[in-house]
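All chains are named by letter (A, B, ...) in the order of the sequence lines, taking the proteins before the strands, and each is independently numbered beginning at 1. Since the structure is predicted, the reported quantities are computational estimates derived from the model, not experimental observations.
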There are 2 protein chains.
Amino acid sequence: MTKASDRAYAVIRTMILSGEIMPGAQISEEALARRCAVSRTPVRDALRRLEADLLIRRNTSQRVFVSEWSRDDIEDAFDLRAMLEAQAARRAAERVDADGLARLVAHNAAMGKAVNAPNPDIAQFLEHNRAFHEAVLDAARSPRLASLLSRLVEQPIIWRTAQNYNREHLLRSYREHEELLEAFHRQDGPWAASIMAGHIRRAFHVYLDACLRQVEDAA
Amino acid sequence: MTKASDRAYAVIRTMILSGEIMPGAQISEEALARRCAVSRTPVRDALRRLEADLLIRRNTSQRVFVSEWSRDDIEDAFDLRAMLEAQAARRAAERVDADGLARLVAHNAAMGKAVNAPNPDIAQFLEHNRAFHEAVLDAARSPRLASLLSRLVEQPIIWRTAQNYNREHLLRSYREHEELLEAFHRQDGPWAASIMAGHIRRAFHVYLDACLRQVEDAA
DNA sequence: CCATGGCCATTTGTATACAATAGAGTCCAC
DNA sequence: GTGGACTCTATTGTATACAAATGGCCATGG
């Protein structure tokens with residue numbers, strides 16, 4: 001996957017998520033092509049994908065702008081994500097096999113290790129957290145669910161605020177995953193769904209707080 | 001919207017939904033371009049969109065195939081659709097204004113008229129049914145929900161079987177919509193969600209029956 | 001008979017040129 | 001000064017040529 005259009009996708013996506021291009025700003029295919037050192041053709045390809053991800057929007061005449069996220073947008077996205085991830089957890093609990101369970105346990109153990117170390121390794125924690133949720137989605141065995149969720153998980157700013165999580169938040173995430181694992185072990189779909197819904201819901205509030213703090217910092 | 005890439009999108013989509021190209025069949029950009037009388041460039045554009053709609057899939061080397069729908073796939077899609085449309089109904093009940101309500105009432109009245117006529121007008125019924133669900137989605141005011149649902153509503157074969165609905169089914173749909181309107185009128189989100197979930201669920205079984213009948217016909 | 005390796009046909013990926021269109025600014029008439 | 005038409009520029013849309021990669025086929029050797 002070292003193709004030009006994949007590179008373009010990755011570059012543009014990072015520029016948007018990191019805030020390098022401001023929400024609401026117009027971006028031209030030409031400019032992006034120069035920035036990625038490829039022609040417009042792969043850029044157009046990448047833009048179609050980013051449009052499906054809802055990271056960009058097009059006005060009536062197809063000009064491209066970086067999506068803006070209002071407080072309502074964010075709440076809406078978390079609502080949907082909570083619902084879909086809960087459904088993923090329910091399905092996973094009913095379908096997970098020994099192998100899948102083992103991978104989930106491993107990822108969560110790594111998360112625990114990362115956060116309990118004398119110097120917590122946040123990057124490591126986040127990576128295993130991502131992998132854990134991905135493994136849940138795998139165990140759910142629903143390509144459609146996976147496709148829908150991929151449109152909701154990445155939001156701008158989350159990147160910039162992820163580092164703000166304190167040790168207490170990380171520990172709680174870890175423990176909620178532990179509980180999820182127990183629900184999986186007992187193949188209790190409804191229980192798993194409840195835990196996951198709460199887990200995402202809590203993440204929503206942490207996220208909101210982080211946004212607030214960021215606004216304060218800016219002032 | 002008379003652009004080549006939009007025409008290509010519409011043509012290819014229709015070919016897939018109508019079954020003109022079989023599920024699992026490989027389709028080449030070149031062949032589609034000839035079929036649509038445009039160059040490969042707009043075809044590639046259209047394929048990206050169809051990929052987001054899950055109507056096509058790509059193998060590891062990016063070759064394009066028409067998606068296949070197993071019984072599990074169909075059930076999965078309806079599960080998700082029931083969940084998301086229920087959420088749309090809940091939000092709509094809590095947010096709908098007089099204008100939106102009026103449009104919903106109008107569409108459902110048209111549905112009632114179409115099915116109660118001496119010669120039921122199925123096409124008319126289906127069109128207003130589509131418009132009704134779209135109006136619910138509008139009233140929900142969640143662009144994300146709309147974006148996710150658009151990926152689930154169209155499945156192959158549904159087109160071909162839609163004509164198989166009998167008058168009883170149509171009447172029940174009409175009455176369920178009536179009940180939904182009452183929930184909207186009372187701004188009762190949970191009630192609206194329940195009705196909608198059941199509504200989609202019932203449609204699922206009608207759909208399955210139609211598929212079965214089709215298999216019998218073929219034999 | 002099967003495995004393997006290389007060649008050829010098919011298919012997708014990228015660059016570029018040019019066409020079409022929307023937006024912005026300007027100038028003129030009123 | 002304001003409205004409107006016009007032009008000019010920025011931006012997207014399409015076609016085409018060529019490059020790269022994949023997959024199938026056949027020959028060759030074990």
Side-chain angles (χ1 to χ4, degrees), chain A residues 1-16 19-68 143 147 150 156, chain B residues 1-16 19-68 143 147 150 156:
Chain A
M1 279 296 216
T2 164
K3 290 202 290 283
S5 97
D6 294 318
R7 271 188 299 128
Y9 175 78
V11 168
I12 300 170
R13 182 171 158 280
T14 300
M15 289 199 295
I16 293 174
E20 184 179 336
I21 1 185
M22 294 299 289
Q26 179 178 358
I27 49 186
S28 84
E29 299 175 354
E30 182 70 33
L32 292 174
R34 270 198 310 272
R35 180 72 169 67
C36 303
V38 297
S39 81
R40 273 178 54 215
T41 311
V43 168
R44 285 175 64 82
D45 231 77
L47 287 179
R48 279 270 177 247
R49 290 190 254 171
L50 291 163
E51 190 182 2
D53 294 342
L54 298 179
L55 288 177
I56 63 172
R57 71 183 163 81
R58 302 175 108 104
N59 71 4
T60 49
S61 64
Q62 298 298 97
R63 280 168 162 73
V64 175
F65 300 82
V66 178
S67 296
E68 297 166 277
S147 165
S150 75
Chain B
M1 275 292 228
T2 165
K3 290 202 290 282
S5 98
D6 293 318
R7 271 188 298 129
Y9 175 78
V11 168
I12 301 170
R13 182 170 158 281
T14 301
M15 287 200 295
I16 293 175
E20 184 179 336
I21 2 185
M22 294 299 289
Q26 180 178 0
I27 48 185
S28 85
E29 298 176 352
E30 183 71 31
L32 291 175
R34 269 199 310 272
R35 181 73 168 67
C36 304
V38 296
S39 82
R40 273 179 53 217
T41 312
V43 167
R44 287 176 63 82
D45 229 78
L47 287 178
R48 278 272 175 245
R49 289 191 254 173
L50 292 163
E51 190 182 3
D53 294 343
L54 298 179
L55 288 177
I56 63 173
R57 71 184 163 81
R58 303 175 106 104
N59 71 2
T60 50
S61 64
Q62 297 298 97
R63 280 167 163 72
V64 175
F65 300 82
V66 177
S67 296
E68 297 166 278
S147 165
S150 74

(request) Could you state the atom-to-atom distance from NZ of A:K3 to P of C:dT11 in whole Å? (result) 17 Å

(request) Identify, with sequence neighbours excluded, every residue that meets side chain to side chain contact (heavy atoms under 4.5 Å, CB included) alongside A:T60. (result) none

(request) Give the rounded distance in Å between these two atoms: CD of B:E30 and P of D:dC18. (result) 15 Å

(message) Quick check for you: to the nearest 0.5 Å, what is the distance between B:I27 atom CD1 and B:L50 atom CG?
(response) 7.5 Å

Please set out all donor-acceptor pairs under 3.5 angstrom arising from side-chain atoms of residues 30-39 of chain B, sequence neighbours excluded.
from, atom 1, to, atom 2, distance (Å)
B:R35, NH2, B:E20, OE2, 2.9
B:S39, OG, B:T41, N, 3.3

(message) In whole Å, I'd like the distance from the CD atom of B:Q26 to the P atom of D:dT22.
(response) 14 Å

(message) If you compare every side-chain N and O of B:Q62 against the phosphate oxygens of C:dG13 (OP1, OP2), does one of them come in below 4.0 Å?
(response) yes

(request) With sequence neighbours excluded, tell me which residues meet side chain to side chain donor-acceptor pair (under 3.5 Å) with B:R58. (result) B:E51

(request) Only counting residues at least two apart or in another chain, list the ones meeting salt bridge (Lys or Arg N to Asp or Glu O under 4.0 Å) with B:R44. (result) A:D45, B:E29

(message) By nearest atom, which of the nucleotides D:dT14, C:dT14, C:dT11 is closest to the A:S5 side chain?
(response) C:dT14

(message) Using a strict threshold of under 4.0 Å (side-chain N to carboxylate O), is an ion pair present between B:R13 and B:D6?
(response) no

(message) Using whole Å, what does the distance between atom C1' of nucleotide D:dG23 and atom CZ of B:F65 come to?
(response) 11 Å

(request) Looking only at non-hydrogen atoms, find the nearest pair between B:P23 and B:S67 and report the distance. (result) CB-O, 3.5 Å

(request) With the side chain counted from C-beta on, respond yes when B:S5 and B:R49 share a heavy-atom pair under 4.5 Å apart, and no when they do not. (result) yes

I'd like a table of atom pairs between the protein and nucleotides 5-7 of chain D - only N or O on both sides, under 3.5 Å - with the distance next to each one.
none

(message) The criterion is side chain to side chain contact (heavy atoms under 4.5 Å, CB included); which residues satisfy it with B:R63, sequence neighbours excluded?
(response) B:Q26, B:N59, B:S61, B:F65

(message) Let me confirm one number: the CG-CG distance from A:L47 to A:L55, rounded to the nearest 0.5 Å.
(response) 11.0 Å

(request) May I have the distance from A:E29 (atom CD) to C:dT14 (atom C1'), rounded to whole angstrom? (result) 14 Å

(request) Would you kindly give the OH-to-P distance between B:Y9 and D:dG13, to the nearest whole Å? (result) 16 Å

(message) Using a 4.0 Å heavy-atom cut-off, does B:L47 contact any base of the nucleic acid, only the sugar-phosphate backbone, or nothing at all?
(response) nothing

(message) From CZ of B:R7 over to P of D:dG13, roughly how many Å is that when rounded to an integer?
(response) 14 Å

(request) Indicate yes or no for a side-chain donor-acceptor contact from B:T14 to the backbone of B:A10 under 3.5 Å, with no hydrogens or angles considered. (result) yes

(message) Can you pull out the residues from residues 32-45 of chain B that lie within a 4.0 Å heavy-atom distance of DNA chain D?
(response) B:V38, B:S39, B:T41, B:P42

Under-3.5 Å N/O pairs linking protein and nucleotides 20-22 of chain C:
from, atom 1, to, atom 2, distance (Å)
C:dA22, O3', A:S61, OG, 3.2

